[in-house]
Protein chains: 4
Amino acid sequence: MNDTDVFAIESEVRAYSRAWPVVFDSARGSTLRAEDGTPYLDFFSGAGALNYGHNNPVLKRALLRYLERDGLTHALDMHTVAKRDFLRALKEIVLNPRGLDYTIALPGPGGTNAVEAALKLARKNTGRHQVLSFTNGFHGMTLGALAVTGNTAKRAGAGLPLGYTTPLPFGDTTGSGEPDFGYLERLLGDSGSGLDRPAAAIVETVQGEGGLNAASFAWLRALREICDRYGVLLIVDDIQMGCGRTGPFFSFEPAGIVPDIVCLSKSISGYGLPMGLLLFAPELDVWAPGEHSGTFRGSSPAFVTAAEALRAFWLDDTLTRNTARLAGRLSARLGSIAGSRPGGAVAVKGRGLAAGLEFRGGDVAEKVCALAFERRLLLETSGPRDQVVKLLPALTISDTEFEAGLDILASAVADAV
Amino acid sequence: MNDTDVFAIESEVRAYSRAWPVVFDSARGSTLRAEDGTPYLDFFSGAGALNYGHNNPVLKRALLRYLERDGLTHALDMHTVAKRDFLRALKEIVLNPRGLDYTIALPGPGGTNAVEAALKLARKNTGRHQVLSFTNGFHGMTLGALAVTGNTAKRAGAGLPLGYTTPLPFGDTTGSGEPDFGYLERLLGDSGSGLDRPAAAIVETVQGEGGLNAASFAWLRALREICDRYGVLLIVDDIQMGCGRTGPFFSFEPAGIVPDIVCLSKSISGYGLPMGLLLFAPELDVWAPGEHSGTFRGSSPAFVTAAEALRAFWLDDTLTRNTARLAGRLSARLGSIAGSRPGGAVAVKGRGLAAGLEFRGGDVAEKVCALAFERRLLLETSGPRDQVVKLLPALTISDTEFEAGLDILASAVADAV
Amino acid sequence: MNDTDVFAIESEVRAYSRAWPVVFDSARGSTLRAEDGTPYLDFFSGAGALNYGHNNPVLKRALLRYLERDGLTHALDMHTVAKRDFLRALKEIVLNPRGLDYTIALPGPGGTNAVEAALKLARKNTGRHQVLSFTNGFHGMTLGALAVTGNTAKRAGAGLPLGYTTPLPFGDTTGSGEPDFGYLERLLGDSGSGLDRPAAAIVETVQGEGGLNAASFAWLRALREICDRYGVLLIVDDIQMGCGRTGPFFSFEPAGIVPDIVCLSKSISGYGLPMGLLLFAPELDVWAPGEHSGTFRGSSPAFVTAAEALRAFWLDDTLTRNTARLAGRLSARLGSIAGSRPGGAVAVKGRGLAAGLEFRGGDVAEKVCALAFERRLLLETSGPRDQVVKLLPALTISDTEFEAGLDILASAVADAV
Amino acid sequence: MNDTDVFAIESEVRAYSRAWPVVFDSARGSTLRAEDGTPYLDFFSGAGALNYGHNNPVLKRALLRYLERDGLTHALDMHTVAKRDFLRALKEIVLNPRGLDYTIALPGPGGTNAVEAALKLARKNTGRHQVLSFTNGFHGMTLGALAVTGNTAKRAGAGLPLGYTTPLPFGDTTGSGEPDFGYLERLLGDSGSGLDRPAAAIVETVQGEGGLNAASFAWLRALREICDRYGVLLIVDDIQMGCGRTGPFFSFEPAGIVPDIVCLSKSISGYGLPMGLLLFAPELDVWAPGEHSGTFRGSSPAFVTAAEALRAFWLDDTLTRNTARLAGRLSARLGSIAGSRPGGAVAVKGRGLAAGLEFRGGDVAEKVCALAFERRLLLETSGPRDQVVKLLPALTISDTEFEAGLDILASAVADAV
């Protein structure tokens, strides 16, 4: 079978291989290489799964050592040395310094598993079924997670009406900068509202798939406050924005809120290995043994790189400060690109190193990404109409690579519009 | 933090660490080692995820080589050299020789993702919502998969009524050996039955979690036939029984049926790495690009070991013949153990190297497993009342290990009853 | 507007006016008259709502007297003289002599209201959601009742997937005459079955809309027994078969069972006036005041004729014995008609004065009804394919009318086949 | 059985008999009489089912004449003289003069049947499942209607999660008098909102059960406009507010909107007889014959009084003008009562002759109703916390009775607060 025929047996559901019609082979840091050796600069980072770049040498060393010495690879939820090492690192490096007293569960190897487990836990704890979700939220493709996801086309893929959820507008609604939960308060505060008391609200602080919409900290605080007032559990899906993407380890830290349940995945393993994680207030731990399970809920290679990543990047605030520095630079460059276009045509979106440009018209964002790819920069679109060019460079990108990527972006925008 | 305190931060949902209260560290072939060096003989195989044993050296070599040369680790559904190599091996080594013309999709890194994707695909293709499931079936813990899972306690964990599914008795119902679908025919054949025409039926050939219930080939053929007659898609969940567990690569091969959709996971990577796979008839490929997606739907390390495993074990029928040989020996030993007990107290269950002993009374199976653990054999229970001792030795186990394990089992049964 | 134009503003959903394209004006006993004076013999009885014939003079007198003296017409669930009179008659004439200690609720003015209330009550009492229903059952057209109704076309009218119900084959399944609940037992008795423990089973003793399928008394007893064993509430929908249609007041009496909940409507008012009634075991009365309500839940004209009908027909067993006599005659005539056709072409269905002829081929039943209409006999079809000619003569029909109707039926069958 | 024992067999679900612990016997106009002859002035009107008072002599005469001449009583959806007469009156007296080209369906004998049919029709026409409902809306107690009803306690009675609906705040939300659908627009206009495109919105113009909340005409127009813009069908539930309750025949007339579907019941028969009616745009008539049905969908006595009521009250605008006059007087009296209390303690609610007083504190409204009953005035409470005293006098009440009732109300308020 020739090479092309091989790929033809894959379902039409594949997506990235359409935008980037090359065969990739290897990667290091912020560079991917196609099989012909062509390098591509990566401003995509595995949709947020590679915050520390590809194949980080420190993590790689730890992983190789573990594999070479025949460390247990597959362990379900047995006690293992690898898991203990990870749990300790998470507790001592991440949770304790932040005063977060969370219980930890391993819900399966991906973000959608973590979301499904979070929803199950919230419903079991409250005995309620409704979950509040937000416009343009994205939480996963399995039935429970899809029901709280906004995208119409993806929802339609369920082949079932998706229920037990109520969507609310994400972020500030008035344009005044003041959080506006008047609508929700009217529903929650009225025993005749027809909104059955929700078990939980699930929210991203910045919507990665939804178009890099960033909720203000004030809005997040107001959401936390209304959840407290009505006994609704607050789930933060920090799958894409956690692990430093916006600067701090958890994206909700600067808002000064503590969610009841936190979903992590993507960059938590640090090496692009499948892993999902659930953190929640200890009093919510009402699960019976095995009530939620999964074959790959404890993948040792991921524990190994995850623990190593915490030690490599989170023992101090070096990474967070560097992210802030790059984010400032990114914001300035994006502002400059947007400023060069007619007023309102291009808007800067996002927070930290999850930022982008929203284009008012047609398919400009897709054109920008296509031009960038020709110029060997990997960028993807985002948003319900693919109207946003989304930038997710590695947090560890070099300044040179960073500027080079932004130069390509600027030229692509100039040529696309 | 001391070691015990570390594990205490994990949720009560953990299960295996309760039955086996040691800390495992490394593994090779059929042996796990605790951190104090104590070896344990593995008749559990990661609940079916380790058909080729732990850390198989051939696969390990391929994996290390890939990681060392900085092969792309995380790739979503981009075209990669690693994926192409796996797709080619799957096509040439598994599908073509069996005359199976399946399209391949990568639905996410675990079995439940494959099941969710299968259900979505079946519903989208048919425009129907009902799915037939079977008593004691187990298909996963996310909302869609849980709805077709039988276990009452696990279903209750959803916190929602699980709908759009209709359960049917699994396997032969009459005791006569004749497949009995009279009940289902009455529902499907009657436009006044109240059973909305199903999109699909989802079935395991042998129910691993449900108690090692093995459907007869005649029953599977009858199910295939009735699905054909009523235009219902047949989904075989071969997550635990595929990849040679019962002998042939696909467990449904000896029944002479071709499912419309096949779910694979667990042992498909060969090395215990998270991976899910969906195979389906090409005409069902109605998905739009990205309609089902997932961050870890293409994990290169898993592709590398999966391709290597196909080349190492499936180029000829050596493994299948050896599995048949061991299964024959297993069946004899189990028969002998059962025969040594009063009539009806113990029954032999399963097929191939997925076999077990069902105990009529109370918690005998749990006692057997506890005694076996004391004697350094890892065994788990199965079935709705944990009434079955389940044996899933590696297909690559040595004869010496195999007999040693069975000796421990025999002694544990003798002491437990 | 001319007469035809007037009828043209009615929705296409109308049905009976298609089969009987005349304009009816008046009625008495078993005779309807079209506006041109043409008399039609009624073997249809308002689909079971007119067991005592049209405008029975005794009931009419009571109704006129009540209206003339300005008895309260509309009363919701206030205490009224009319309601008290009805409750007393129901208690003293129907319930007490049968040893039935039922609490009474007035759930709304039709059968579907009674069914909805029964389902709500069963779910509230058990805290469960699933309801077992039976093939070809018919329980109403509102969303809850439709979900337990079998007919595919009617179900499709919901525009929603209908859930929380599990259909089972109705009546004896083996042909051996032995009730066969083996399938259901396998589901209920297995904690891994995936059938969430049901709140209730809802059943008709003879399925009026479903094709006059009569459950054997042994089957009904077996159903009662299995419900008892698994704590499932048994709801008998006696809307069409109650009030003497099969002989006794309640159709379940000769089976020797006592349902937990009974739904009545149709002939309960005795005069064709809208009325629904719910009877249930007192310990099930967990409703809060107003938890189920409805504007027309106490319609005094219906109470007046209902009480009068109980006094007129149910103080002794005259009516029941007469129904048995006519049913015997009906059975003989139907047997004779069926016997005159080739073996298997025509089958006799039903019980008591709910009986019919099932035709194997195409649209024979519809032809029979059309020919009967030409000959001034009103008959309707029944069954999922309209394959049954359904006879529901008034219980009060004269022998002359009865024989005349059967003669027309015989001739219509002779000409139609 | 003594009289008290008789009533004791009725379920605890009864409600009105608790507030008014007497046994009513007869009624005429605005006066009910208990069995001991005590007269009660009726400001309740059968919860809106008696807009023309009790036993109106003109309607009574027509009804008696029909019954005496043995007019067909029960007719399902056959063509009858009585139905034709009603359809003609509805068309010529109500629809044509208002330029309303509606198709008519008879969905069953109560309001909840009309709502269920409306929802089914909307879903079938659009192929969508979601329905928008509004806080404190009340639409009925069957499963489909309950799902769009706001009251928490009544919703809980379903024993099932109620789905496929999205609640929205009713009426003006900003306090500025400007309709605010900004929230809804954000959901409808965003393909990533997670709000599946709704089939319909269902609304009352004044919420009778919900607390006499009156939507402004501007808000209703804005709702109509947004429904048009997004292809959402607008269902007006005019069951309690139609038939002249707020002045015009349809309560939505002065708003200048034309709903796609209108539900009528309660006062449509004019005599308190069970009847439901559905009006809808002809192009929505996609029903197959019998797709929605019901035993009491054509009750001739109701047709007779309904037709007579249209002729008696709606041939000219006398009733509407009188209602406006009384409503003005009512508004003044209520304003005066409210004005006599401290600011904000009492608010005037409603529109036309559906008006009331909302009390801020505790159970004042219940006390007012109890005191009024002692003084022989029938009043009920309304609203999610029973905080509103609801006045629904007959539209035909005499000025003397009207003032007498308002005097009692004033004294009851004075004594209750």
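Residue numbers start from 1 in every chain, and the chains themselves are labelled A, B, ... in the order their sequence lines are given, proteins ahead of strands. Computed from a predicted structure; not experimentally measured.
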Pick one of side chain, backbone, both or neither for Arg14(C), based on which atoms fall under 4.5 Å of a heavy atom in chain D.
both
Please classify the contact between Leu64(C) and chain D as side chain, backbone, both or neither, with a heavy-atom cut-off of under 4.5 Å.
both
Sort Ala105(C) into side chain, backbone, both or neither according to what part of it lies under 4.5 angstrom from a heavy atom of chain D.
both
Parallel, tilted or perpendicular, judged at 30° and 60°: which one describes the rings of Phe373(C) and Trp20(C)?
parallel
Can you tell which part of Ala47(D) gets under 4.5 Å to a heavy atom of chain C, answering side chain, backbone, both or neither?
both
Between Glu68(C) and Lys60(D) (salt bridge meaning N to carboxylate O under 4.0 Å), is one present in this structure?
no
Interchain contact, Leu63(C) with chain D, by part (heavy-atom threshold 4.5 Å)
side chain
Arg155(D): partners by side-chain hydrogen bond (donor to acceptor under 3.5 Å, both in side chains), with sequence neighbours left out
Asp196(A)
Side chain, backbone, both or neither: which part of Gln240(C) has an atom under 4.5 Å from a heavy atom of chain D?
neither
Taking only residues at least two apart or on different chains, which pairs with a member in residues 103-115 of chain C satisfy salt bridge (Lys or Arg N to Asp or Glu O under 4.0 Å)?
none
With chain D, which of Gly108(C), Ser293(C), Gly111(C), Ser265(C) has the greatest number of heavy-atom pairs at distances under 4.5 Å?
Ser293(C)
Steps toward side-chain hydrogen bond (donor to acceptor under 3.5 Å, both in side chains) verdict (Asn51(C), Ser45(C)):
CA-CA 7 Å; Asn51(C) 282 0; Ser45(C) 297; 5.8 Å; no
Contacting region of Thr142(C) [heavy-atom separation from chain D under 4.5 Å]:
both
Comparing Leu273(C), Leu160(C), Thr295(C) against chain D, the one with the most heavy-atom pairs below 4.5 Å turns out to be Leu160(C)
Taking Arg128(D), Met275(D), His74(D), Lys83(D) one by one, which has the highest count of heavy-atom pairs under 4.5 Å against chain C?
His74(D)
Strictly distance-based, threshold 3.5 Å: is any side-chain N or O of Tyr66(C) a donor or acceptor partner for the main-chain N or O of Leu72(C)?
yes
Residue from Leu143(D), Thr126(D), Leu278(D) scoring the most non-hydrogen pairs under 4.5 Å with chain C is Leu143(D)
Heavy-atom distances under 4.5 Å only: say whether His129(D) touches chain C with side chain, backbone, both or neither.
both
May I ask you to decide if Leu32(C)'s main-chain N or O and Asp42(C)'s side chain share a donor-acceptor pair within less than 3.5 Å?
no
Which bit of Tyr271(C) comes within less than 4.5 Å of chain D, counting heavy atoms only: side chain, backbone, both or neither?
both
Considering only heavy atoms, which portion of Lys266(C) lies under 4.5 Å from any heavy atom of chain D: side chain, backbone, both, or neither?
both
Side chain, backbone, both or neither: which part of Leu50(C) has a non-hydrogen atom closer than 4.5 Å to chain D?
side chain
Determine all donor-acceptor pairs shorter than 3.5 Å in which one atom belongs to a side chain in residues 87-96 of chain C; sequence neighbours excluded.
{"residue": "Arg88(C)", "atom": "NH1", "partner": "Met1(D)", "partner atom": "O", "Å": "2.3"}
{"residue": "Arg88(C)", "atom": "NH2", "partner": "Asp3(D)", "partner atom": "OD1", "Å": "2.6"}
{"residue": "Glu92(C)", "atom": "OE2", "partner": "Met1(D)", "partner atom": "N", "Å": "3.3"}

Turns out that what part of Leu146(D) lies under 4.5 Å from chain C's heavy atoms comes down to side chain
Any idea how His292(D) and Trp287(D) line up, ring-wise: parallel (<30°), tilted (30 to 60°), or perpendicular (>60°)?
parallel
Test your reading of the model: is there a side-chain donor-acceptor pair from Arg297(D) to the backbone of Gly276(D), 3.5 Å cut-off?
no
Within residues 115-124 of chain D, which residues come under 4.5 Å of chain C, heavy atom to heavy atom?
Glu116(D), Lys120(D), Arg123(D)
How about His79(D) and Tyr16(C): are their ring centroids closer than 6.0 Å?
no
Apply salt bridge (Lys or Arg N to Asp or Glu O under 4.0 Å) to Asp25(C) and Arg69(D), showing your working.
CA-CA 10 Å; Asp25(C) 184 37; Arg69(D) 77 166 183 82; 3.0 Å; yes
Partner chain C: residue of Pro274(D), Gly144(D), Gly298(D) with the largest heavy-atom pair count (under 4.5 Å)
Pro274(D)
Salt bridge present between Glu209(C) and Lys154(C) (N-O < 4.0 angstrom)
no
Without swapping roles, check the side chain of Thr305(D) against the backbone of Pro301(D) for a donor-acceptor pair under 3.5 Å.
yes
Check whether any side-chain N or O of Thr103(C) sits under 3.5 Å from a backbone N or O of Asp285(C) as a donor-acceptor pair, and report yes or no.
no
Residue from Val23(D), Val81(D), Val13(D) scoring the most non-hydrogen pairs under 4.5 Å with chain C is Val13(D)
Quick test of your reading of the model: are Glu10(D) and Arg84(C) salt-bridged, counting only N-O distances below 4.0 Å?
no
Give, as side chain, backbone, both or neither, the part of Arg33(C) having an atom under 4.5 angstrom from any heavy atom of chain D.
neither
From the list Gly110(D), Gly157(D), Gly48(D), the residue making the most non-hydrogen contacts under 4.5 Å with chain C is Gly157(D)
Using a 4.5 angstrom heavy-atom cutoff, name the option from Val286(C), Asp5(C), Ile9(C) with the most pairs to chain D.
Ile9(C)
With only heavy atoms counted, which part of Leu106(D) is less than 4.5 Å from chain C, the side chain, the backbone, both or neither?
side chain
In terms of heavy-atom pairs under 4.5 Å with chain C, the winner among Ser26(D), Ala153(D), Gly159(D) is Ser26(D)
Check for a donor-acceptor pair, side chain of Asn125(D) on one end and backbone N or O of Leu284(D) on the other, with a separation under 3.5 Å.
yes
